[in-house]
Amino acid sequence: MSLEVKGDYALALQRVVSGHPLVSRLHLFPEVGSTNDEALRLARGGAPSGTLVVADRQTAGRGRHGRRWESPGGLGLWFSLLVRPDLPLNRAFGVTAAAAVALATLIPEFTGRVAGIRWPNDLLVGPRKVAGLLAELAGRGERVDFVVLGVGLNVGQGEHDFPAEIRAEATSLSLLAGHPLDRSAALDRFLAHFATWCASLTQDDGAGVRREWVRLAPMIGQDVRVDLGGEPSERFTGRAAGLAEDGALVIATPGGERLVRAADVRLLRPTGGGDG
Ligand code: BTN
């Protein structure tokens, strides 16, 4: 284990991961650019499945579509878990879905509030985002070589800890619960739920995880606006009809079904019910 953070957080994290079947090594940094970048570097160097990189603070935290992920010190759980599942590439989504389901399950445990998954991997309570997932993977032939699961979970922020431009859209576990919460306890619950869903992946080819993902995703069955990006950006509307085996979102449109793999997808008529 490489431990470079002194103090309670380091000790608490060490207690959480020690002996945990999903964690083989812990790399803990007081500050790092991005835990995903560190985990990718370690993965390419042959690090084993279960390598966990945690940072107290990230200076270049990354979100989807190259967006910045705010990662101040002392307030959030910023980590990347390297996994090497024995799966065909087109089933790698199961691992990400298992992580999203794990997050959606732990959020109510800490806050008493229902969390929803917004495709592909945002975790929302009401209209506000409390966590995001950035999965980056590499293949070896047709199989998965590794997946780096980058998780950003807002834990201790008060409203004014968020920059003004995201204040109306972001929240934290502590804000939702109304009292301070512990980052290492959140990691503990994440690992417990993630382990359960990963075990199920090997038994049913991911069908159970996908079912649970759909159950937790209020946008399924609703009318949505899809923004595929690009210049000029391509947009269309339709009904979010389901989740394909490879993680694509199925959108029913008057012209037939479309599979969406990289896009921003929002409800046409937001309900404020965790689906953005
Ligand atoms: C998103 O919502 O767009 C995904 C956000 C993922 C943020 C986490 S924080 C830990 C890991 N390191 C990063 O640079 N990003 C992920």
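Fair warning: this is a prediction, and the values are worked out from it, not measured in the lab. One-based numbering, in listed order, for ligands and for the atoms of each.
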As a test of reading the model: which N/O atoms of the protein lie under 3.5 Å from N/O atoms of ligand 1, and at what distance?
unit_1	atom_1	unit_2	atom_2	d
ligand 1	2 (O)	Lys129	NZ	2.5
ligand 1	3 (O)	Arg64	N	2.7
ligand 1	12 (N)	Thr35	OG1	3.1
ligand 1	12 (N)	Gln58	OE1	2.9
ligand 1	14 (O)	Ser34	OG	2.7
ligand 1	14 (O)	Arg62	N	2.7
ligand 1	15 (N)	Arg62	O	2.7

Notebook entry, point to check: Any ion pair linking Arg62 and Glu136 (charged N to carboxylate O, less than 4.0 Å)?
Noted result: yes
Next item on the list: Answer yes or no: is there an ion pair linking Glu31 with Arg57, defined by an N-O contact shorter than 4.0 Å?
Entry: yes
Checklist line | Row check, Phe236 ring normal vs Arg258 NZ/CZ: under 6.0 Å, within 45° | finding: yes
Notebook entry, point to check: Do the side chains of Arg64 and Pro120 get nearer than 4.5 Å, heavy atoms only?
Noted result: yes
Checklist line | Minimum side-chain heavy-atom gap Asp161-Glu70 below 4.5 Å | finding: no
Notebook entry, point to check: How would you list, by chain and number, every residue that makes a salt bridge (Lys or Arg N to Asp or Glu O under 4.0 Å) with Arg15, sequence neighbours excluded?
Noted result: none
